[in-house]
Amino acid sequence: MAPQRPKGAGALEKDNKPALSPAPVPPRSSDLYAALDLGTNSCRMLIAQPRGSGFHVVDSFSKSVQLGAGLERTGRLSRGSMSRTLQALRICQQKLRRNKVRRMRLVATEACRRAQNGAEFMRRIQRETGLRLDIIKPEEEAQLAVISCAPLVNHKTENLLVVDIGGGSTELVWIDISKVPKKDRAQSIMRLHSGFIQAKTDIPAAKVVDWISVPLGVATLRDQFSDVDDDAARFALMSWFFEENLQDFTPYHSAQPQERFQIVGTSGTVTTVAASHLGLRRYDRTKVDGLRMTTDQIDKVIHSYLAMGPNGRRADPRIGQDRSALIMSGAAILQALMRCWPTDRLSVADRGLREGLLYAQMSADGVLEEGAY
């Protein structure tokens, strides 16, 4: 599979509809909201209540279901992966019922977009669990990643690159906020929940210069090079191949000033590298979310992963059994990204599609207070 830039991926192409659909009926602010992200590797859900300009998580769920296992070879979701996913979704359905959640957005991403039987599986999910999942487009996936990271944008930042490394795809969005007053920059990014093409107003707005969805994530990139036995050679090939697929992305050809340029990375890969850098024996979100890492620190962690070899990575508690098979493909993507742009720092975001889905629903319903995030 040769990854291609999706049709309509350019942010400057006019689109007559926003990718995010608003919730139809405004609820009371005390109502609970849910967001579920069915990805290529994991099924994850958050149940939360609006609180000020953010939200309070009431319940959560995360399970590695490996929905995309074998997809690269067959083009279809396998019987075993669908069975694992249905088991996870039944648990999610029980949590939604127990918490009496009425406002929810449940989505599936790259594996279901690519699979020949993806739409058929969505119908089966609804039939067997009562849950209705939408297969979202790459543009909406990129929007959700962006708005989830808005609270981590530095007030001095003028150019922002948001990177979401998923199981089946990687979304990159370049945003220019140089014309927005410093105090309004996070809020201007939050407004992108209504679409990357913003209506013209007198209010200075965040400008999406370009975006791309590369159909290579930690699972799909690993599968591309599963026939390469040497660990270090496989890593180098994965990093090179991912960089090759960024050729159509505008910032790849545009050198940006290192000053006031910020990269925010959101994914299990980024948070795992951060936890390894901090030497955490037990993962602590409060120490990882918002951490800034230098390129040298990231490279040091990646080199330590290579030195461990596959067996050492499986045994390392900071990586974990579930992620050990995927960490090097994710690290290859991360290293390629840090090599391409003129910055030596990365902001780590322990947040992603679920948080973006919650912010989008709550913003559309008007139950969040405006202000600092």
Side-chain angles (χ1 to χ4, degrees), residues 34-48 57 59-72 77-78 80-96 104-115 118 121-122 125 129 131 133-136 138 140-141 144-145 148 163-171 213 215-223 265-275 283 285 288-289 313-314 318-331 333-334 348-358:
L36 184 145
D37 167 22
L38 176 58
T40 301
N41 192 57
S42 302
C43 176
R44 297 180 294 177
M45 183 178 72
L46 286 178
I47 297 174
V57 175
D59 203 350
S60 64
F61 175 81
S62 181
K63 180 74 174 176
S64 174
V65 295
Q66 299 176 53
L67 181 59
L71 178 61
E72 192 71 26
L77 303 175
S78 71
S81 63
M82 289 190 290
S83 177
R84 289 191 298 271
T85 301
L86 282 165
Q87 289 175 5
L89 289 170
R90 288 188 184 101
I91 297 172
C92 292
Q93 194 268 350
Q94 291 167 6
K95 286 177 174 284
L96 291 167
M104 65 186 77
R105 186 88 197 280
L106 319 176
V107 305
T109 56
E110 183 67 15
C112 294
R113 281 197 295 263
R114 285 184 48 208
F121 184 45
M122 295 300 100
I125 289 172
T129 69
L131 300 178
L133 273 67
D134 298 320
I135 301 176
I136 59 173
E140 180 166 3
E141 192 168 353
L144 293 167
S148 73
V163 179
D164 180 20
I165 306 171
S169 65
T170 299
E171 280 66 46
S213 178
L216 288 171
V218 294
T220 46
L221 184 59
R222 174 201 59 186
D223 292 348
T266 170
S267 72
T269 295
V270 175
T271 56
T272 299
V273 168
Y283 187 78
R285 182 183 187 275
V288 170
D289 188 48
R313 293 193 293 269
R314 276 192 293 272
R318 299 167 303 175
I319 299 172
Q321 290 278 347
D322 284 346
R323 193 160 295 280
S324 62
L326 302 169
I327 189 61
M328 293 317 297
S329 51
I333 293 172
L334 182 58
V348 179
D350 184 349
R351 54 190 72 208
L353 255 60
R354 295 176 301 168
E355 288 81 2
L357 286 163
L358 289 171

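Each residue takes its place number in the sequence, starting with 1.
A pairwise comparison of heavy atoms in R318 and A275 identifies CD-O, 4.4 Å as the closest pair. Residues I333 and L216 come closest through the heavy atom pair CD1-O, 4.0 Å. The two residues T220 and R114 make their nearest non-hydrogen contact at CG2-NH1, 3.4 Å. Here the closest non-hydrogen pair linking T129 and Q93 is O-CG, 3.2 Å. Shortest non-hydrogen contact noted between F61 and C92 is CD2-SG, 3.4 Å.
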Go through it in stages, so that I can follow the logic: the residues are L96 and M45, the test is side chain to side chain contact (heavy atoms under 4.5 Å, CB included), and I'd like the CA-CA distance, side-chain angles, deciding distance and then a yes or no. CA-CA 10 Å; L96 291 167; M45 183 178 72; 3.9 Å; yes

Could you go through the side chain to side chain donor-acceptor pair (under 3.5 Å) check for E110 and T40 one step at a time? CA-CA 6 Å; E110 183 67 15; T40 301; over 6 Å; no

Walk me through it: do S64 and N41 pass the test side chain to side chain contact (heavy atoms under 4.5 Å, CB included)? CA-CA 6 Å; S64 174; N41 192 57; 3.9 Å; yes

R222 vs E72, test: salt bridge (charged side-chain N to carboxylate O under 4.0 Å, His left out). Steps then yes/no. CA-CA 10 Å; R222 174 201 59 186; E72 192 71 26; over 6 Å; no

Give the C-alpha distance, both sets of side-chain angles, the deciding distance and a yes or no for salt bridge (charged side-chain N to carboxylate O under 4.0 Å, His left out) between R44 and D37. CA-CA 5 Å; R44 297 180 294 177; D37 167 22; 3.5 Å; yes

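Between the side chain of R113 and the backbone N or O of I136, at least one donor-acceptor pair lies under 3.5 Å.
Under 3.5 Å, the side chains of S169 and E171 contain a donor-acceptor pair of N or O atoms.
With rounding to the nearest 0.5 Å, the separation of CG in L353 from OG in S42 is 12.0 Å.
Residues that satisfy the side-chain contact (heavy atoms from CB on, under 4.5 Å) test with S267, not counting sequence neighbours, are I165, T269, V270. Under the side-chain hydrogen bond (donor to acceptor under 3.5 Å, both in side chains) criterion, S81 pairs with S78, sequence neighbours left out.
In the displayed structure, K63 atom NZ is contacted under 6.0 Å by at most 12 heavy atoms of other residues, nucleotides or ligands.
No side-chain heavy atom of E141 sits less than 4.5 Å from a side-chain heavy atom of V107.
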